[in-house]
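Below is one structure, written out as structure tokens, with a few remarks after it.
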Amino acid sequence: MPEGHTLHRLARRLDAHLVGSPVAVSSPQGRFAREAALLDGSRLLAAEAWGKHLFLDHDDDRVVHVHLGLYGRFDVTRTPGEGVPAPVGQVRMRLVAEDGPKGPAYADLRGATACELLTSAERAAILARLGPDPIQGHDPTPAWERIRVSRSPIGTLLMDQSVLAGVGNVYRAEILFRHGVHPLRLGRSLRRPVFLAMWEDLRVLMADGVRTGRIETVRDEHREELEALGAAAGRRRRSRSYVYKRTGEPCVVCGATVRGDVLAARNVFWCPHCQPAPRRRAVR
DNA sequence: ATGACATGATAAA
DNA sequence: TTATCCTGTCATA
């Protein structure tokens, strides 16, 4: 689940249900117990996201930095009347607002790659290493300045959080498909209008993701065909993407067989017809 | 029961 | 490049 849209959605949910009130902080699993004890009873002032990072501002210049990594979750639940249930599984951090903005609520963090107590100065240091974030409507210029001179593949640059923040493997695959760009094209071979169109598209798609909580990249006109192709391929769950995890299945647009490979330890997917391979650089 | 895998990132080699 | 961490889910046995 966790690409940038997930974290922004989370910031929004925390803001709606927990921010502004005193929170009980605990670590049922124990790995955040010392910090939780320090924070217990503090007031949660704000929840903010930048790319895939989430920051919880508590009073007294204390910031909880959360990064969900590959499989972390942070579930925010309202508990009108019922009281808070016993923790299930490995709950690293639990926040409970008895008197949240919309009534009692709690949030359980599991599996995060980062859950740490920082100062606001330390948070600033993390932000300084992140590129612009499409979800925040940032100016894409700093990202473009990196890409236009880079000898790295655009598929790698899109995932580099210091180039731009928030894009993960699904949005990467899908945005490249939607713009007919092969993942191995070098950054410096891209034309500016193409990158700016990708950025604008990311801005819209990821904003949708914040609203719906899921990554939807397939245009209405292709939904039915995708469904039919999925059924024909005998897949158990229907796909919601053009190329992501569709290796070996036909492209919805042109029928070519979607390809998959590993780039920088991550799976990449593309259509060999809609996303023509770059001319191989002369090697010698 | 066991193992592979995942929408991530880092440190070491 | 590889190993490693974090946890849950799904497929296979």
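So that the names make sense, note that chain A is the first sequence line, chain B the second, and so on, each numbered from 1. Given the structure is predicted, the values throughout are model-derived calculations rather than measurements.
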Is the closest side-chain donor-acceptor distance between A:Asp61 and A:Ser120 under 3.5 Å? yes
What nucleotide among B:dG8, B:dA6, C:dT7 has an atom nearest to a side-chain atom of A:Arg92? C:dT7
From B:dG8, C:dC10, B:dA6, nucleotide with atom closest to A:Asn267 side chain: B:dA6
Rounded to whole angstrom units, what separation is found between the CG atom of A:Leu68 and the P atom of B:dA6? 18 Å
With C1' as the reference atom in both, quote the distance from C:dT1 to B:dT7 in angstrom, rounded to an integer. 23 Å
Any chance you could encode DNA chain B as dot-bracket? Rule is Watson-Crick or G-U wobble with both distances under 3.5 Å; [ ] for pairs crossing earlier ones, | for another strand. ||||||.|||||.
Phosphate OP1/OP2 of B:dA9: any A:Lys52 side-chain N/O under 4.0 Å: yes
Any sub-3.5 Å donor-acceptor pair from A:Arg235's side-chain atoms to A:Arg237's backbone N or O? yes
Figure out the CG/C1' separation between A:Leu158 and B:dG8, and round it to whole Å. 16 Å
Short side-chain N/O contact from A:Arg266 to OP1 or OP2 of B:dT7, under 4.0 Å: yes
Between C1' of B:dA9 and NE2 of A:His53, the distance in whole Å: 9 Å
Spacing of A:Lys245 atom NZ relative to C:dC10 atom C1', expressed in whole Å: 11 Å
Check this for me: A:Glu82, atom CD, are more than 12 non-hydrogen atoms of other residues, nucleotides or ligands nearer than 6.0 Å? yes
CZ of A:Phe74 versus C1' of C:dT7: gap in Å, rounded? 16 Å
Taking only side-chain N and O atoms of A:Arg110, does any of them lie within less than 4.0 angstrom of OP1 or OP2 on C:dG8? yes
Mind calculating the distance between OH (A:Tyr244) and P (B:dA6) to the nearest angstrom? 7 Å
From CG of A:Leu109 across to P of B:dG8 the rounded distance in Å is 17 Å
Measure the distance from CD1 on A:Ile126 to C1' on B:dG8 and round it to the nearest whole Å. 15 Å
Please state the C1' separation for the pair C:dG8 and B:dT10 - nearest whole angstrom. 22 Å
Regarding A:Arg92 and A:Gln29, do their side chains bring together a donor and an acceptor under 3.5 Å, going by distance alone? yes
Between the side chains of A:Arg43 and A:Asp59, is the shortest nitrogen-to-carboxylate-oxygen separation below 4.0 Å, so that they form an ion pair? no
So, A:His5 versus A:Asp208: side-chain donor-acceptor pair below 3.5 Å or not? no
Kindly point out which of B:dA6, C:dA11, C:dT7 is positioned nearest to the side chain of A:Leu70? B:dA6
Give a yes/no answer on whether the side chain of A:His67 brings an N or O atom under 4.0 Å of OP1 or OP2 in B:dG8. no
Would you mind telling me which of C:dC10, B:dG8, C:dT7 lies closest to the side-chain atoms of A:Arg237? C:dC10
Taking the six-membered ring for Trp, are A:Trp144 and A:Phe195 parallel (under 30°), tilted (30 to 60°) or perpendicular (over 60°)? parallel
One thing to verify: whether A:Asp57 and A:Arg123 come together as a salt bridge, which I'm taking to mean a side-chain N less than 4.0 angstrom from a carboxylate O. yes
Looking at C:dT2, C:dT7, B:dT7, which one has an atom nearest to any side-chain atom of A:Gln29? C:dT7
Which is more 5' along DNA chain C, the nucleotide nearest A:Arg236 or the one nearest A:Arg31? Just name the residue. A:Arg31
Tell me which residues in residues 166-174 of chain A put a heavy atom below 4.0 Å from DNA chain B, sorted by number, or none. A:Gly168, A:Asn169, A:Val170
Indicate whether the side chain of A:Thr77 and that of A:Asp75 have a donor and an acceptor atom separated by less than 3.5 Å. no
Scanning both residues in full, the closest heavy-atom pair of A:Arg146 with A:Asp160 reads NH2-OD2, 3.7 Å
Measuring only the P atom in each nucleotide, how far is C:dT4 from B:dA4? A whole number of Å is fine. 15 Å
Test: A:Glu216 and A:Arg240 ion pair at under 4.0 Å: yes
